[in-house]
Amino acid sequence: MFVTLSSVLLLATSFLPGQCEGEGGGGGADENPVPPPFPTDVTPSLIGTPTDTTPAPGTGANTPSPQPAPPATAKPIVGLPSHAPVTGRRRRAATFASWEIWWELHRDRYLARTEEWQPPITDEGSFLGRGHLLAKRQAVPVAEIRATLAKLLRSEDVTVRESAVLPYGRTVESAEHLEALIPLLADEHHHVRERAALALGLRRLPEARPILQSLALDEPSGRAIARRPNGVEPRMRSYAVLGLGLEGHRDSVPSLLRVIQREEDRAELVGAAIAALGLMGPEARAAVPLLVQRLAVDDLPVGAQAIIPEALGKIGDPSGRPTLELLIRDRKPHRLVRAAALVGYGRMLSGTADESAVKLLRQVLRHEGDPGLRHAAAMALGSLGGSAAREELIRALRAQTHPDDRAWLCLSLGVWQHGRPADVGAHQALREAFLSERNGTIRSALVLAMGLSTDRDAAPTIEQAVADSRDRRFQSFGGMALGLLGSARSSRTLQGLLAESSERHPRVEAATALWLIGDAEAPALACRSLSRARHALDQSTWAEALGGLRSPHGAEALMALAGSSTAQSIARARAAVALGQIVEARSGSVLARVTQDTSSEGSFDFVREVASLK
């Protein structure tokens, strides 16, 4: 489905989950599809539909066909269309689809496990075993990968070329390496141009800043670089703006404020500038007064306005807190703006045991009639620290006032526990919920919540459930949960999913889980399977798996596939993306994973991921 940039920018708002108004996960066949609003520090994915055919998240968008499908017409989301009520089975599907989108967008934050909270490695390897240490000793051949990707940047195949841009950007280590990206800013294909603008900001080199600023402000030097004598197109400017946000230096704040102030008739561009300020975090404190003012004036379309509260939360300046609290209490603002305020509020107070914040969020969770706003409040509570937030989540989970909230409450409790010392009450509540749940979709959320909670004692229960299940969605989330738990004893279960699953999604998720565990055998297994694969889709799947494993052992096989003159575009493109994952694994950055969709009409999905960072 073709997605307008206005749709993408609304994705930078924290859309509400659990829509009961027909707002599915996007990508469906509705004439005017609307992504579901959703409680996170980012936006919902455009992948997946609220039906039984929804692809399991965590593995990128739908498997692309060799030839991109023609774009469908989609109404821009800024100035939202009216929503028709939905009942029955479709309502349940719309309610339960969006938590999967939440994980798709947040997974890298939880996969980038840091040494500060990893439990010690035992002799038996019962937690993050010896394979984890072996994987860390392997050197990543960055120079060789960079040379391979640089050749792909010159490919005549646009699918290969655009898929190599961001992976190449991850290999950049000096201003000299940026030179290969500059010509792509004038590429004949707009997706390549736009990815190049983002790639310039990935490694935060100061030499990239003036280039991006000249493009964002449509200056003569920017027009010359882009070979647009009559002006850099607004969409390209928006990508350059997001590139500045990724580069993240406070010197870019004035440029972004200029865009906001002088481009009021271009909501997409203004929204991109606001999202970029959020990406900069505390470096953008100087922008807070203007952002607060724009919320008060209420002169922006809803799509752009709803990005502001999330940006305030990411910047984290306490002076923005009263504004967010006012939006949460006031029922007059648009529901998207209130949802974004809840998300931003949780982000701003992340990890704090703030009793007044718990009280405010408790009121929303208990008394709000809109399910999406309740879910946003639950996730905000999960972001807080302290026992009061945990107790409220457990109380709401056991009260079962709103059955549709069950998945979100469990995920919120898992997020609350993630990275903190083990809490017996939280672990017990999650296990009870999982063992009593019969709905397959909700069980997938609950098993993921147990993984997020790092309840290592739950590993045998999850292993058995994964072994007994024939549901590829549950297998995917169950495998990821085992990876998050980090128990090396789960290696055999995960290796079985990797080698024996007939489905792509469980296989790729198992590969990522094996990386989390540090399994030393899986890379060799995946390399052998890739060498035996003869069909493009099989090669693509095993390339994805090697990217998920993030092992330098797979670099040689991936470079060979990416540079092959006989392999199909889809396989070469997936290999390029996987090489970027291997390079980025050096730092554990949330940029380690990029969207796997390589079709032309789906390549806006990676912008959604850019807006979700930090």
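At distances below 3.5 Å, not a single donor-acceptor pair connects side-chain atoms of E437 with backbone N or O atoms of T441. Put simply, the side chain of Q417 gets close to the backbone of D423: a donor and an acceptor are under 3.5 Å apart. When atom types are taken as modelled, the side chain of S350 and the backbone of G346 share no donor-acceptor pair closer than 3.5 angstrom. In this structure, H418 contributes its side chain and L452 its backbone to a donor-acceptor pair below 3.5 Å. Looking only at distances, a side-chain donor or acceptor of H106 sits under 3.5 Å from a matching main-chain atom of W102. Using modelled atom types, one side-chain atom of S412 and one backbone atom of M379 make a donor-acceptor pair closer than 3.5 Å. Put simply, the side chain of R338 never gets that close to the backbone of K332: no donor and acceptor are under 3.5 Å apart. Side-chain atoms of R237 come within 3.5 Å of backbone atoms of A216 as a donor-acceptor pair (strictly under, hydrogens ignored).
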Quiz item: salt bridge (charged side-chain N to carboxylate O under 4.0 Å, His left out) between E391 and R395: does it pass, once the steps are laid out?
Solution: CA-CA 6 Å; E391 289 169 5; R395 181 212 64 80; over 6 Å; no
Practice problem: Evaluate side-chain contact (heavy atoms from CB on, under 4.5 Å) for I307 paired with V270, printing each intermediate quantity in order. | Solution: CA-CA 10 Å; I307 303 174; V270 172; over 6 Å; no
Quiz item: How far apart are the C-alpha atoms of W408 and S98, what are their side-chain angles, what is the distance that settles it, and do they pass the side-chain contact (heavy atoms from CB on, under 4.5 Å) test?
Solution: CA-CA 10 Å; W408 284 102; S98 54; 3.8 Å; yes
Practice problem: Apply side-chain contact (heavy atoms from CB on, under 4.5 Å) to the pair L217 and R262, showing each step before the final yes or no. | Solution: CA-CA 10 Å; L217 296 173; R262 79 181 193 186; 3.9 Å; yes
Exercise. Please lay out, stage by stage, how E368 and R331 fare under the test salt bridge (charged side-chain N to carboxylate O under 4.0 Å, His left out).
Key: CA-CA 10 Å; E368 176 58 55; R331 293 183 176 270; 3.2 Å; yes
Self-check item: Stepwise salt bridge (charged side-chain N to carboxylate O under 4.0 Å, His left out) check, D354 with R321
Solution: CA-CA 13 Å; D354 191 303; R321 178 173 177 175; 3.0 Å; yes
Quiz item: side-chain contact (heavy atoms from CB on, under 4.5 Å) between L300 and I308: does it pass, once the steps are laid out?
Solution: CA-CA 10 Å; L300 292 173; I308 298 178; 4.1 Å; yes
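At least one side-chain heavy atom of S252 sits less than 4.5 Å from a side-chain heavy atom of Q213. Looking at V343 and P309, their side chains never come closer than 4.5 Å, going by heavy atoms from C-beta outward. Residues L413 and L381 have side chains not in contact (no heavy-atom distance under 4.5 Å, counting atoms from C-beta outward). Within the 4.5 Å cutoff, the side chain of K314 has no heavy atoms near those of the M348 side chain. Under the 4.5 Å side-chain criterion, counting only non-hydrogen atoms from C-beta, L166 is not in contact with E584. Inter-residue side-chain proximity for E263 and R258 is flagged as unmet; no heavy-atom pair is nearer than 4.5 Å. Taking the side chain as every heavy atom from C-beta outward, L277 and I260 approach each other to under 4.5 Å. Under the 4.5 Å side-chain criterion, counting only non-hydrogen atoms from C-beta, I394 is in contact with R390.
Distance CG/L446 to CG/L411: 7.5 Å, rounded to 0.5 Å. The CG atom of L365 lies 9.0 Å from the NE2 atom of H375; values are rounded to the nearest 0.5 Å. Remark: E194 CD to S238 OG distance equals 9.0 Å, nearest 0.5 Å. Atom CG in L430 sits 5.5 Å away from atom SG in C410 (nearest 0.5 Å). With rounding to the nearest 0.5 angstrom, the CG atom of L397 is 10.0 Å from the CG atom of D405. Considering CG of D299 and CD of Q293, their distance stands at 8.5 Å, rounded to 0.5 Å.
Of all heavy-atom pairs between L342 and L373, the closest is CD1-O, 3.6 Å. Here the closest heavy-atom approach between residue L291 and residue A311 is recorded as CD1-CB, 4.4 Å. L349 and A357 make their closest contact through CD1-CB, 3.5 Å (heavy atoms, listed as atom of the first residue, atom of the second, distance). Heavy atoms only, all atoms of each residue included: Y239 and L198 are closest at O-CD2, 3.8 Å. The two atoms that bring L257 and A287 nearest to each other are CD2-CB, 3.8 Å, heavy atoms only. Scanning both residues, G479 and A513, for their nearest heavy atoms gives O-CB, 3.2 Å.
With I462 as the partner, the side chain to side chain contact (heavy atoms under 4.5 Å, CB included) test is satisfied by one option alone out of L448, V447, D455: V447. Here the options are R203, R209, R204, the test is side-chain hydrogen bond (donor to acceptor under 3.5 Å, both in side chains), and the partner is E247; only R209 passes. Residue V253 is tested with E283, R285, M280 for a side chain to side chain contact (heavy atoms under 4.5 Å, CB included); the sole match is M280.
A donor-acceptor contact closer than 3.5 angstrom links the side chains of S319 and D317. Defined by atom type and a distance below 3.5 Å, a donor-acceptor pair is missing between the side-chain atoms of D457 and H427.
Ring-plane geometry between W99 and F477 is classed as tilted, the angle between the planes lying from 30 to 60 degrees on a 0 to 90 degree scale.
Taking the ring centre of F474 as origin, the terminal cationic atom of R443 falls inside the region bounded by 6.0 Å and 45° from the ring axis.
Within a 6.0 Å radius of CZ in R250, no more than 12 heavy atoms belonging to other residues, nucleotides or ligands are found.
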